[in-house]
Amino acid sequence: MRTLKLAAAALAVVVAAPAFAQDAPAAAPVETGPTAPDGSRAFGIEPYVGVLGGWEQFDNERNHGIPQALNANGSIRNNYRLAGALVQGVAGINVPLGPVFVGAEGSVAKGVSGNINWEYGAAGRFGVRAGDSGMFYGKVGYQWVDFDHYSTYSTGNRAEKNYGAITYGIGTEFGPKDIGLKGITGNAGFRIRAEVNTFGNFHSLRPMMGVITHF
C-alpha cells in the first residue's frame with residue numbers, strides 16, 4: 001500500500017512539473033552586442049540640439065581679411081579688438097562607433113554686445129566616448145561672421161560686413177553621472193558642453209559653454 005502511494009505521488013510531481021515551467025516568468029534577454037563605455041548602444045544615430053553662450057575676440061592684424069583697427073593718424077590701434085558676447089544654438093547628429101564617434105553640426109549665433117551681429121557655421125566632429133554619455137572631440141568646418149560695426153578708423157572696405165573662413169575647435173561633453181549626479185538621465189538627456197574654437201588661421205579665440213540635450 002505504501003509503495004502504491006509513493007508511486008502516485010511521484011506521478012503527480014512528474015505531471016505538474018511542465019505546468020510550473022510554463023507559469024514561470026521568462027528570463028530577461030541578455031544584451032550580447034557591443035556597447036559603449038557608458039553601457040549604451042555601440043552603434044546608431046544620436047540627434048541633439050543645444051544652447052551655448054560665450055565670447056569671441058579677433059586678432060587685430062594685417063592681411064587676414066578682416067579690417068584692422070587704426071588710430072586717426074593711420075597707425076595700428078593696438079588696444080582695439082573686434083569682439084563680442086554670443087548666444088548660440090546648435091543642432092546635429094552623432095554616429096557612435098563603439099568607443100569613438102563621428103558627427104555633423106550646424107550652428108547659428110547672435111551677438112548680444114560688441115562688434116558681432118550674427119555668425120553661421122557647419123562642422124564635422126570626431127572623438128572618443130567616455131563615462132555616462134561623456135565625450136572628448138575635435139571639430140573642423142566653415143564659419144561666416146557678420147560684423148555689426150568696426151573701429152572708427154580701419155583698413156579695408158568698411159561697407160563689407162560678411163567674412164568666412166575655416167574654423168577649428170576642441171571640446172568636451174559630460175553627463176550627470178560624470179559629475180556625481182547618478183541616475184538623473186541615464187543614457188539620454190542633458191549634457192554640459194565646453195569648447196574652444198578659432199576662425200581662419202587661428203585669428204580668433206572663441207570659448208563657449210552650454211547645455212546639449214540628445215535623444
Side-chain angles (χ1 to χ4, degrees), residues 46-95 101-127 135-173 191-214:
E46 177 197 78
Y48 64 87
V49 295
V51 177
L52 298 90
W55 174 269
E56 183 161 22
Q57 179 173 290
F58 293 83
D59 294 337
N60 190 33
E61 299 177 348
R62 292 188 185 275
N63 302 321
H64 69 73
I66 297 173
Q68 183 184 31
L70 303 174
N71 294 310
N73 63 4
S75 62
I76 297 174
R77 188 177 176 183
N78 291 317
N79 63 344
Y80 188 92
R81 299 289 186 275
L82 294 173
L86 302 168
V87 175
Q88 181 185 50
V90 299
I93 59 169
N94 294 324
V95 180
F101 79 95
V102 296
E105 178 177 285
S107 64
V108 177
K110 173 62 179 171
V112 294
S113 69
N115 303 90
I116 302 170
N117 187 16
W118 289 95
E119 291 189 353
Y120 315 87
R125 301 201 310 159
F126 50 91
M135 57 182 64
F136 297 92
Y137 63 88
K139 62 189 297 187
V140 60
Y142 201 85
Q143 179 180 320
W144 293 267
V145 181
D146 178 25
F147 289 103
D148 181 74
H149 63 277
Y150 302 122
S151 170
T152 303
Y153 302 98
S154 63
T155 63
N157 180 5
R158 293 177 52 81
E160 178 58 57
K161 297 294 199 303
N162 292 282
Y163 292 87
I166 293 175
T167 180
Y168 309 91
I170 57 172
T172 182
E173 294 181 12
R191 288 195 295 255
I192 297 172
R193 175 190 288 192
E195 68 177 30
V196 178
N197 300 289
T198 187
F199 181 86
N201 189 19
F202 301 97
H203 290 306
S204 78
L205 184 66
R206 189 174 185 259
M208 304 290 289
M209 190 167 185
V211 176
I212 303 294
T213 181
H214 61 112

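- Residues satisfying the salt bridge (charged side-chain N to carboxylate O under 4.0 Å, His left out) criterion with Arg193, sequence neighbours excluded, are Glu105, Glu173, Glu195.
- Atoms CE and OG, on Met208 and Ser107 in that order, are 8.5 Å from each other to the nearest 0.5 Å.
- Put simply, NE2 on His203 and OG1 on Thr198 are 8.0 Å apart, with the number rounded to the nearest 0.5 Å.
- With hydrogens and angles disregarded, no donor-acceptor distance shorter than 3.5 Å links the side chain of Arg77 to the backbone of Gly74.
- Side chains of Ile66 and Leu82 form a contact here, defined as non-hydrogen atoms less than 4.5 Å apart.
- Taking the side chain as every heavy atom from C-beta outward, Ile116 and Phe58 approach each other to under 4.5 Å.
- Listed for the Glu160 side chain is a donor-acceptor partner under 3.5 Å among the backbone atoms of Asn162.
- Between the Thr167 side chain and the Gly141 main chain, no donor and acceptor come within less than 3.5 Å of each other.
- A salt bridge links Arg191 to Glu46: one of the charged nitrogens lies within less than 4.0 Å of a carboxylate oxygen.
- In this structure, CH2 on Trp55 lies 13.0 Å from CZ on Arg206, to the nearest 0.5 angstrom.
- Counting heavy-atom neighbours within 6.0 Å of Tyr153 OH, excluding the residue itself, gives a total of 12 or less.
- Among Asn115, Asp146, Val145, Asn117, the one residue that satisfies the side chain to side chain contact (heavy atoms under 4.5 Å, CB included) test with Lys161 is Asp146.
- Side-chain contact between Val90 and Val49 is absent, with no heavy atoms from C-beta onward closer than 4.5 Å.
- The CD1 atom of Ile192 lies 11.0 Å from the CD1 atom of Ile212; values are rounded to the nearest 0.5 Å.
- Classification of the Phe101-Tyr137 ring pair by plane angle, with boundaries at 30° and 60°, yields perpendicular.
- Considering only residues two or more places apart in sequence or on other chains, Asn73 meets the side chain to side chain donor-acceptor pair (under 3.5 Å) condition with Ser75.
- Tyr142 contributes a side-chain N or O that, together with a main-chain N or O of Gly164, makes up a donor-acceptor pair within less than 3.5 Å.
- Checking side-chain atoms of Asn157 against main-chain N and O of Ala159 turns up a donor-acceptor pair under 3.5 Å.
- Using cut-offs of 30° and 60° on the angle between ring planes, the pair Tyr150 and Phe147 is tilted.
- Of the possible polar contacts, one joining the Asn60 side chain to the Ala69 backbone as a donor-acceptor pair under 3.5 Å is found.
- Proximity of a side-chain donor or acceptor of Asn71 to a complementary backbone N or O of Ile76 within less than 3.5 Å is detected.
- Judged purely by atom type and a 3.5 angstrom limit, Thr172 has no side-chain atom pairing as donor or acceptor with the backbone of Phe136.
- By the side chain to side chain donor-acceptor pair (under 3.5 Å) test, Gln143 is found to be paired with Glu119, residues two or more places apart in sequence or in another chain being considered.
- The aromatic ring centroids of Tyr168 and Phe199 lie 6.0 Å or more from each other.
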List the steps and the verdict of side-chain contact (heavy atoms from CB on, under 4.5 Å) for Val196 and Leu205.
CA-CA 7 Å; Val196 178; Leu205 184 66; 3.6 Å; yes

